[in-house]
Amino acid sequence: MEDEVSKCINCGFCESVCPTLPSAGFVASHGARGRVDLGLSLVNEIRTGKRSLRVSDPFYSCLDCFACLQVCPAGVNAGKVSHLAREIIAETDLALPQEKDLAAMIVSVTMEKMNPLGLRRECARWSSGLSFSKNSTTLLYTGNMYQLMPYSFALGRAGKILGEEAFVSASRFIRKHPDIAGITAFMKNAPMEKNVNLYLRSIYTLLRKAGISFQYLGEEEPYPGTFIYDLGYINEFSIYAERVTDIFRRRNVTEIITIDPHTYDLLKNQYPRYVKGFDFDVRYYAEYLQNLEFRKTGERVTFHEPCHFVLRDVKDFDLKRMIGNVSKMELPERSGKRVMCCGGPAELLFPDISKNVSDERFRQLKATGTESIITACPVCFSNLKKDDSVEDVSSFLLRHLM
Ligand code: SF4
Ligand code: SF4
């Protein structure tokens, strides 16, 4: 942390691309430079043994998009600063009650149920009637991310309706009684569930058409622990990641097909740091589709690139080329290394900031004037689905498969 924050020359370039700064009404601490400044204060407090700061808000509202890093002349990553600060906050009492209780509830339910809402059965429903190869060493690992969107979306709204105090009490209660976390099953957004099930089945069909055989864990499929890692609960995350890895090992898996950018990034880049001998061949499903043939249409579409792929050192999966081969693809004013996050990562703790970011991103996407907006991440889809023009790349590609 100290190495990262001490590089800052206070130029403010990062503020021009940080999505949360304007979305939080230009409150400096909710922008990239403000987070770096606070990180420095945190380092000083730790050094002097003082504990006067209650600074969790700005670090939890960070989207971890890394847009700031792309423009910083000193190479400071305010997203990384936020993550390191959350690790410190998770071990101390620097967090505000709503954040601490909600984060602790999510960690506790995930550790107990291997799913942040205790919904493993619900997360397997999309696969009803589909066949899988039990003996394959290749695993289709959904990581539950698409499936959880209809519930987390509703949970965010519930938090707003209940108000802070009631939400904190509910979080505390569920934390102590993880078995009742499953009541969130009644809070699902049904139209969104229909969409994500279609996308999961589209991914399945595309992979099968590409000749890939794979197993699937069904109701046993664990969530990868993304929230635990993102919230900074690193000790818990390393224990949890071991448990998930044990499940892969028990099923003789050697190759893992992930289907969303967050799970891919976590398994590819974080699991090997925390799980000894994590040597699985982790891939993204689009890698397997390169030899499929798609029909060319004159359809004009706009592609919202996932920042988890574009702004990190992640391989280019040729999604742009694939979409461009099928249609007349356009990119919004912020694309490539200047891509703007959808706001999704802040949805649970900062629904207002998240909504403002997604409204602005949606405006940019609409400004291209195309008929459709294509996303390639369930979090982006959930946050940007403000009308019927938004669609996941999986069903878009399947519709055009020859
Ligand atoms: S762009 Fe980099 S050096 Fe400039 S204020 Fe932001 S973090 Fe500091
Ligand atoms: S990671 Fe994204 S949200 Fe966080 S400070 Fe950087 S630009 Fe802002």
Side-chain angles (χ1 to χ4, degrees), residues 54 56-57 59-61 64 82-124 143-145 147-160 162-188 217 219-247 262-263 266 270-271 274-275 344-351 379:
R54 297 281 277 182
S56 56
D57 266 15
F59 299 121
Y60 281 126
S61 69
D64 289 341
S82 298
H83 191 270
L84 292 170
R86 290 195 295 258
E87 287 184 25
I88 294 167
I89 289 164
E91 289 182 357
T92 61
D93 56 356
L94 296 170
L96 299 170
Q98 181 180 4
E99 293 158 1
K100 187 93 185 168
D101 284 307
L102 186 59
M105 176 198 83
I106 289 170
V107 173
S108 139
V109 175
T110 307
M111 297 297 282
E112 175 83 19
K113 301 285 175 190
M114 303 204 82
N115 180 291
L117 298 175
L119 300 175
R120 278 165 97 182
R121 191 183 316 145
E122 286 76 4
C123 286
N144 299 175
M145 288 293 280
Q147 300 94 310
L148 285 169
M149 289 304 118
Y151 302 97
S152 59
F153 183 85
L155 197 65
R157 296 287 176 277
K160 250 189 126 175
L162 284 172
E164 189 171 322
E165 218 171 294
F167 203 50
V168 167
S169 304
S171 302
R172 277 186 194 148
F173 189 75
I174 294 175
R175 182 184 170 190
K176 285 189 193 136
H177 308 280
D179 279 340
I180 66 155
I183 55 164
T184 46
F186 298 107
M187 295 164 63
K188 80 177 171 202
L217 299 171
E219 292 183 18
E220 271 185 66
E221 181 180 80
Y223 171 73
T226 319
F227 269 137
I228 308 181
Y229 177 77
D230 287 349
L231 290 166
Y233 286 72
I234 294 305
N235 292 336
E236 290 81 352
F237 175 72
S238 56
I239 295 165
Y240 185 80
E242 285 277 1
R243 288 170 58 200
V244 173
T245 305
D246 280 347
I247 295 176
H262 294 263
T263 303
L266 198 72
Q270 304 309 330
Y271 266 57
Y274 296 97
V275 180
E347 166 72 22
L348 262 186
L349 286 169
F350 291 89
V379 182

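These numbers come from a predicted model, not from an experiment.
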The test is side chain to side chain contact (heavy atoms under 4.5 Å, CB included); show your working for T110 and F227 and say whether it passes.
CA-CA 9 Å; T110 307; F227 269 137; 5.6 Å; no
Who are the salt bridge (Lys or Arg N to Asp or Glu O under 4.0 Å) partners of D64, not counting sequence neighbours?
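Expected list: R86.
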Which pair of heavy atoms, one from [X] and one from [Y], lies closest together, and at what distance?
| X | Y | value |
| --- | --- | --- |
| R120 | E220 | NH2-O, 2.6 Å |
| L148 | P116 | CD1-CG, 3.7 Å |
| Y223 | G143 | CD1-O, 3.6 Å |
| P222 | I247 | CG-CD1, 3.8 Å |

What residues form a side-chain hydrogen bond (donor to acceptor under 3.5 Å, both in side chains) with [X], not counting sequence neighbours?
| X | answer |
| --- | --- |
| E87 | H83 |
| T263 | D260 |
| N115 | N144 |

With sequence neighbours excluded, residues passing side-chain contact (heavy atoms from CB on, under 4.5 Å) with [X]:
| X | result |
| --- | --- |
| A90 | Y233 |
| N235 | E91 |
| E242 | V275 |
| S238 | Y274 |

Reported [atom1]-to-[atom2] distance for the pair [X] and [Y], which is rounded to 0.5 angstrom:
| X | Y | atom1 | atom2 | value |
| --- | --- | --- | --- | --- |
| H262 | T226 | NE2 | OG1 | 8.0 Å |
| L117 | I106 | CG | CD1 | 7.5 Å |
| M111 | E236 | CE | CD | 6.0 Å |
| L231 | L348 | CG | CG | 9.0 Å |

pair I89-Y60: side-chain heavy atoms closer than 4.5 Å:
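The answer is yes; the side chains approach within 4.5 Å.
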Kindly indicate whether the side chain of Q147, heavy atoms from C-beta on, has any atom under 4.5 Å from the side chain of L119.
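Heavy-atom side-chain distance check fails, nothing below 4.5 Å.
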Could you list the residues that satisfy ring-ring contact (aromatic ring centres under 6.0 Å, His included) with Y271, not counting sequence neighbours?
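Only F237, F278 meet the ring-ring contact (aromatic ring centres under 6.0 Å, His included) criterion with Y271.
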Of all residues at least two apart in sequence or in a different chain, which pass the ring-ring contact (aromatic ring centres under 6.0 Å, His included) check with Y240?
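Partners of Y240 under the ring-ring contact (aromatic ring centres under 6.0 Å, His included) test: none.
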Determine whether more than 12 heavy atoms belonging to other residues, nucleotides or ligands lie under 6.0 Å from atom CZ of R121.
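Check fails, neighbour count at 12 or below.
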Are D57 and F350 close enough, and set up right, to give a side chain to side chain contact (heavy atoms under 4.5 Å, CB included), and what steps lead you there?
CA-CA 9 Å; D57 266 15; F350 291 89; 3.5 Å; yes
